[in-house]
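Heads up, the thing below is written out as structure tokens.
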Amino acid sequence: MAILMFDRSSASPPIDEDALRLLHRAGSLLLEYNLRTGLLRRRMHELAEFLGIPLFVDTGYCSISLHTPRGSLHHHAHELRINVGLNAAVMRVVDDVIAGHIDIKTALARLDTVEKTTPRHNRWLLAGIFGAAAAALAILLSADLGATLTVALSSALGLLARQELAKRHVMLFALPFTAALIGSILGGIVINAGWTATPGMCLIVPALMLVPGPHLINTLYDAIENDMHTALPRLGLAAGILLAAASGVFLGGWLTLGWTTVPAGSSGVTIQLWADMLLAGVAACGFGAFYNAPWHVLWTSIIAGMVGHGIRYVCLQHGMPLETSTLLACFTIGIISSVMVKRLRVQFAAVAFAGAVPMMPGVLMYQGIGGAMQIALSHGNATAQLVDFTSYNIVKASFVVGAMAIGLVLGERITRLLRGPAH
């Protein structure tokens with residue numbers, strides 16, 4: 001929903017209406033496609049300064065108001081979407097205007113058609129890549145062949161289901177719920193049939209493929225930059241997506257397995273460093289493609305994921321704690337992503353998270369949730385060992401996820417400080 005209000009009083013300085021519309025259109029698109037709050041304001045001020053328009057930017061959750069001497073321009077987005085290719089196209093238009101490469105009318109024409117002209121990955125190819133990414137993540141978590149094939153199929157089907165639901169403009173949280181439900185039902189069928197010795201992986205990995213990483217990273221950025229009015233709603237959005245996915249997993253598990261929990265299991269296969277890095281690259285590619293990163297951008301996520309996971313592998317081999325190893329790995333990913341996104345003019349959050357996603361502590365999270373479920377069903381008779389084990393897994397997983405987020409943001413911010421003010 002967009003509202004444009006122009007004050008045509010004679011006291012207002014002469015400002016070209018096309019310039020105002022360009023500000024409004026650029027701000028609306030950057031907001032809707034999930035640019036973090038601080039960077040959104042900075043980009044709007046840079047564009048307004050070039051256009052010679054005094055501007056005050058007021059941002060909220062899914063809303064932006066641009067206040068000028070001629071009046072105010074408002075936009076409210078129905079939801080925050082992630083599309084790396086489209087976001088990059090809008091940023092290029094802004095850069096081209098500021099550099100004097102295109103005029104205002106040309107910029108408006110490009111922005112008016114950018115949602116239709118931005119290339120998207122073929123849905124069937126994307127489903128295949130996403131399924132391969134899920135399989136790679138499953139192998140990294142020590143799943144056996146049965147579980148690996150199951151999560152590949154269920155993740156691909158979940159992606160196709162999300163795309164169909166998105167076309168029909170259903171409630172946002174129905175998308176992760178449906179994908180998780182598909183994954184847990186298929187996983188439950190495979191577990192009941194006895195086709196896997198790592199049953200928990202059939203439930204863990206499809207759920208991990210739904211983690212809203214870019215929303216979480218932007219939440220942390222907004223909080224660091226003291227934009228709490230947008231950080232808290234973003235956090236609520238991410239929590240809602242996670243809750244919807246968890247609900248889908250629980251419903252599918254109840255329908256196929258009843259109120260029971262299954263062990264995560266391990267294939268017992270030791271992965272070599274080269275295989276670990278290769279699988280991490282495949283997983284990163286799947287998430288990057290899901291965010292509609294162009295092919296030349298995908299390589300950034302792939303390389304960052306491979307290097308970061310390799311660093312964590314080496315650190316763990318030398319006895320370093322999981323949290324510290326993850327922090328160092330994600331710090332490196334943050335540096336690589338920061339350097340590349342400046343050149344490619346794309347979102348840091350989506351590119352960096354795609355590289356870091358193979359390090360999600362899936363087994364710890366699953367064991368923590370499973371233990372909590374057992375405690376809830378024990379009617380107050382849970383053993384001290386179960387409570388200790390559940391608490392350990394939940395706290396450990398929280399520290400690892402925190403190390404991931406801090407490492408990514410710290411790597412990006414230090415890189416930005418070293419090279420000076422940057423977009």
Distance-only, no hydrogens or angles: does the [X] side chain make a donor-acceptor pair with backbone N or O of [Y] under 3.5 Å?
X    : Y    : answer
Y313 : I271 : yes
T324 : M320 : no
S301 : C285 : no
S325 : I311 : no
T118 : V114 : yes
D276 : Q272 : no
N218 : N34  : yes
H318 : V314 : yes
H309 : A304 : no
H67  : L55  : no

Side-chain heavy atoms of [X] within contact of [Y], under 4.5 Å:
X    : Y    : result
F250 : I369 : yes
M201 : Y366 : no
H169 : H78  : no
L157 : L186 : yes
M209 : V357 : no
F173 : L237 : yes
N87  : L30  : yes
M360 : M365 : yes

task: Step by step, work out the side chain to side chain contact (heavy atoms under 4.5 Å, CB included) result for H76 and C62.
output: CA-CA 6 Å; H76 178 78; C62 286; 3.9 Å; yes
- prompt: Under the side-chain hydrogen bond (donor to acceptor under 3.5 Å, both in side chains) rule, what pairs show up with a residue in residues 140-158, not counting sequence neighbours?
  reply: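 Qualifying pairs: D144-T196, D144-T198.
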Out of curiosity, [X] [atom1] to [Y] [atom2], how far, rounded to the nearest 0.5 Å?
X    : Y    : atom1 : atom2 : answer
L111 : T117 : CG    : OG1   : 9.5 Å
L22  : I104 : CG    : CD1   : 6.5 Å
F287 : L208 : CZ    : CG    : 7.5 Å
I375 : S391 : CD1   : OG    : 6.5 Å
R312 : M404 : CZ    : CE    : 8.0 Å
L20  : L51  : CG    : CG    : 8.5 Å

message: With a 6.0 Å cut-off (strictly less than), is the heavy-atom count around CZ of F399, excluding the residue itself, greater than 12?
response: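 Count not over threshold, so no.
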- prompt: For Y392, does the OH atom have more than 12 heavy-atom neighbours from other residues, nucleotides or ligands under 6.0 Å away?
  reply: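 At most 12 heavy atoms, drawn from other residues, nucleotides or ligands, come within 6.0 Å of this atom.
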Sequence neighbours excluded and cut-off under 3.5 Å, please list the side-chain donor-acceptor pairs for residues 327-339, or say none.
| from | atom 1 | to | atom 2 | distance (Å) |
| --- | --- | --- | --- | --- |
| T332 | OG1 | L328 | O | 3.0 |
| S337 | OG | I333 | O | 2.9 |
| S338 | OG | R419 | NH1 | 3.4 |

Taking all non-hydrogen atoms of both residues into account, name the closest pair between [X] and [Y] and its distance.
X    : Y    : result
L364 : L322 : CD1-CD2, 4.0 Å
I394 : G368 : CG1-CA, 3.8 Å
L251 : F177 : CD2-CZ, 3.6 Å
H121 : A289 : CD2-O, 3.3 Å
A207 : V249 : CB-CG2, 3.9 Å
F353 : P214 : CD2-CD, 4.0 Å

Qualifying residue for side-chain hydrogen bond (donor to acceptor under 3.5 Å, both in side chains) with T37, from D222, N226, D227, T59: D222
Note: [X]-[Y] ion pair, threshold 4.0 Å (strictly below):
X    : Y    : answer
E115 : R120 : no
E79  : R234 : no
R110 : D96  : yes
E46  : R41  : no

message: Determine whether I185 and L181 satisfy the following criterion, side chain to side chain contact (heavy atoms under 4.5 Å, CB included), listing intermediate values before the conclusion.
response: CA-CA 6 Å; I185 288 177; L181 179 64; 3.8 Å; yes
Audit row: E164, R123, salt bridge (charged side-chain N to carboxylate O under 4.0 Å, His left out) steps and yes/no: CA-CA 10 Å; E164 287 299 321; R123 63 178 306 199; 2.9 Å; yes
message: Could you go through H229 and Y61, starting from their C-alpha distance and side-chain angles, then the distance that decides it, and tell me whether this counts as side chain to side chain contact (heavy atoms under 4.5 Å, CB included)?
response: CA-CA 7 Å; H229 61 294; Y61 177 66; over 6 Å; no
message: Check the orientation of Y221 and F348. Use parallel for under 30°, tilted for 30 to 60°, and perpendicular for over 60°.
response: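 Ring orientation, 0 to 90° scale: perpendicular.
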message: Would R25 and D18 count as a salt bridge (charged side-chain N to carboxylate O under 4.0 Å, His left out) here? Give the steps.
response: CA-CA 10 Å; R25 186 63 177 149; D18 283 342; over 6 Å; no
- prompt: Stepwise, does the side chain to side chain contact (heavy atoms under 4.5 Å, CB included) test hold for R162 with L210?
  reply: CA-CA 11 Å; R162 279 190 281 174; L210 303 170; 3.4 Å; yes
